[in-house]
Amino acid sequence: RNVGQTSPGHGYGVFVHQSGYNTVTQNTFYRIPKAAINLYNRQTGYLVNTSLGGLAINASNADRFKYCRGNDISFNHIYDVMYDGADCGGIILYGTGYGNKINNNFLHDYSGLTTGVTMGIYLDDNSDGVEITNNIVARIGGSHWVNGAMLKGRDITLKNNIFYNTRSSSYGVISTMITRVAKWGMPQEQTHDFISTHNIVYEDRRVQNLYYHFGFNYKFTTIKEQNYNTYFLPSMPNIGFSTYTDDISGSGDRWHSVPFATHQQTMRDLGIEIDSNVSWANPKFKDPEKNDFSLISDSPALTLGFKP
């Protein structure tokens with residue numbers, strides 16, 4: 001706690017810099033001006049056309065040199081963070097390699113700066129091959145842009161998580177985004193092969209968009225699998241996205257927000273089935289305001305395979 005006193009807005013509880021196969025587990029983080037845990041690596045674009053130990057690094061082998069990989073972030077308790085930070089989350093990864101795991105963490109009750117961006121779990125640019133499972137994100141917000149999870153990278157799995165009253169903005173409870181692989185102005189990579197299964201989203205106020213996909217292209221496999229989720233919201237939400245090819249074809253950067261069922265049918269027409277097994281009913285937490293997120297025995301989420 002109380003880190004970053006000499007450098008407001010830049011203090012982290014744990015900062016893992018281009019280092020792999022570390023374990024950060026069973027810690028409590030609070031009263032931290034920015035993220036509790038930050039995993040950092042240089043993005044792929046900065047590695048290409050350089051060399052290490054006489055070995056040339058190119059686009060085909062650059063992933064081998066993203067050394068912030070295989071880290072285990074698990075069973076941490078995180079609250080009252082980001083009080084002097086923005087464009088961050090309780091847990092943030094940036095440019096990381098494959099094999100990082102974010103499991104069984106509890107992030108709750110914090111807000112970033114009102115003019116900034118507040119995330120629960122934030123996979124920033126070019127963070128690939130991350131497994132996000134069994135986490136709880138509850139009661140965050142305070143900024144003009146809030147997501148329970150923001151995901152930028154390839155092969156990301158979001159499974160068996162709870163997002164409770166994240167106070168998410170119009171950009172969605174869960175968002176994916178095109179990702180910078182190097183400095184500004186260089187080509188961007190679309191997040192793809194995203195898996196979202198067996199998650200619970202609970203919001204007691206209207207949420208404009210359940211998911212938001214930035215830089216979405218129906219011709220590209222942003223979504224690999226999305227099924228067996230439980231969504232409980234006051235009204236049927238939309239799916240928001242911006243496209244860099246207008247809908248199925250064409251050109252232009254257009255912003256869309258369409259009913260969930262419309263998006264689902266469009267995907268089905270393209271041979272991609274999303275949320276064919278889904279519940280819109282109350283997941284029946286025992287006492288979430290006292291941080292008891294266990295489910296009563298007849299919860300619809302249990303029927304869909306959620307693992308307590």
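Values reported hereafter were calculated over all heavy atoms of this structure, with side chains retained and with hydrogens, waters and symmetry mates removed.
- Side chain of S51 to backbone of A56: no donor-acceptor contact under 3.5 angstrom is found.
- Put simply, OH on Y21 and OH on Y67 are 11.0 Å apart, with the number rounded to the nearest 0.5 Å.
- No more than 12 heavy atoms of other residues, nucleotides or ligands shown are found within 6.0 angstrom of OH on Y228.
- Side-chain contact of N238 with S257: a donor-acceptor pair under 3.5 Å is present, judged by distance alone.
- Taking the charged nitrogens against the carboxylate oxygens, R154 and D193 have no contact shorter than 4.0 Å, which rules out a salt bridge.
- Between the side chains of N104 and S74, no donor-acceptor pair is found at a separation under 3.5 Å.
- Counted by atom type alone, N41 and T96 present zero donor-acceptor pairs between their side chains at under 3.5 Å.
- No side-chain N or O of Q226 forms a donor-acceptor pair with one of T197 less than 3.5 Å apart.
- Heavy-atom neighbours of N58 CG from other residues, nucleotides or ligands within 6.0 Å: above the threshold of 12.
- The two atoms that bring F65 and L47 nearest to each other are O-CD1, 3.9 Å, heavy atoms only.
- Of all heavy-atom pairs between R69 and G97, the closest is CB-C, 4.0 Å.
- Residues P283 and F232 approach most closely at CD-CB, 3.8 Å, considering heavy atoms.
- One side chain, N22 or S19, offers a donor N or O that lies under 3.5 Å from an acceptor on the other.
- A donor-acceptor pair is defined here as one N or O able to donate and one able to accept, closer than 3.5 Å; no such pair exists between the side chain of D155 and the backbone of D128.
- Between the side chain of Y122 and the backbone N or O of G90, no donor-acceptor pair lies under 3.5 Å.
- With rounding to the nearest 0.5 Å, the separation of CD1 in I91 from CD1 in I73 is 7.0 Å.
- E289 pairs by the side chain to side chain donor-acceptor pair (under 3.5 Å) definition with Y164, not counting sequence neighbours.
- Between the side chain of K66 and the backbone N or O of N126, at least one donor-acceptor pair lies under 3.5 Å.
- Using a distance-only test at 3.5 Å, with no hydrogens or angles considered, a donor-acceptor pair links the side chain of N76 to the main chain of N27.
- V207 is connected to F163 through a chain of hydrophobic side-chain contacts under 4.5 Å among Ile, Leu, Val, Met, Phe, Trp and Tyr, so both are in one cluster.
- Using the six-membered ring where Trp is involved, H17 and Y40 have ring planes that are parallel, under 30° apart on the 30 and 60° scheme.
- For the residue pair S175 and N147, a side-chain donor N or O sits within less than 3.5 Å of a side-chain acceptor on the partner.
- Partners of H108 by ring pair (Phe, Tyr, Trp, His ring centres under 6.0 Å), not counting sequence neighbours, listed by chain and number: H77, Y79, F106.
- Looking only at atom types and distance, the side chain of N199 has a donor-acceptor partner in the side chain of N161 under 3.5 Å away.
- Summarising the geometry of L304 relative to H198, their closest heavy-atom pair is O-CD2, 3.1 Å, with the distance given to 0.1 Å.
- To the nearest 0.5 Å, atoms CG (N160) and NZ (K307) are separated by 8.5 Å.
- One N or O on the side chain of N105 and one on the backbone of N103 form a donor-acceptor pair closer than 3.5 Å.
- When atom types are taken as modelled, the side chain of N100 and the backbone of C68 share a donor-acceptor pair closer than 3.5 angstrom.
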Do F260 and W280 pass the ring pair (Phe, Tyr, Trp, His ring centres under 6.0 Å) test, and can you show the C-alpha distance, the side-chain angles, and the key distance before you say yes or no? CA-CA 12 Å; F260 183 91; W280 298 96; 5.1 Å; yes

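- With 3.5 Å as the limit, one finds a donor-acceptor pair spanning the side chains of N229 and Y231.
- Under the 4.5 Å side-chain contact rule for hydrophobic residues, V278 and F306 do not share a cluster.
- The pair D72-K101 does not count as a salt bridge, with every side-chain nitrogen at least 4.0 angstrom from each carboxylate oxygen.
- Placement of V130 and V14 within a single hydrophobic cluster is found when ILVMFWY residues are connected by side-chain heavy-atom separations under 4.5 Å, directly or transitively.
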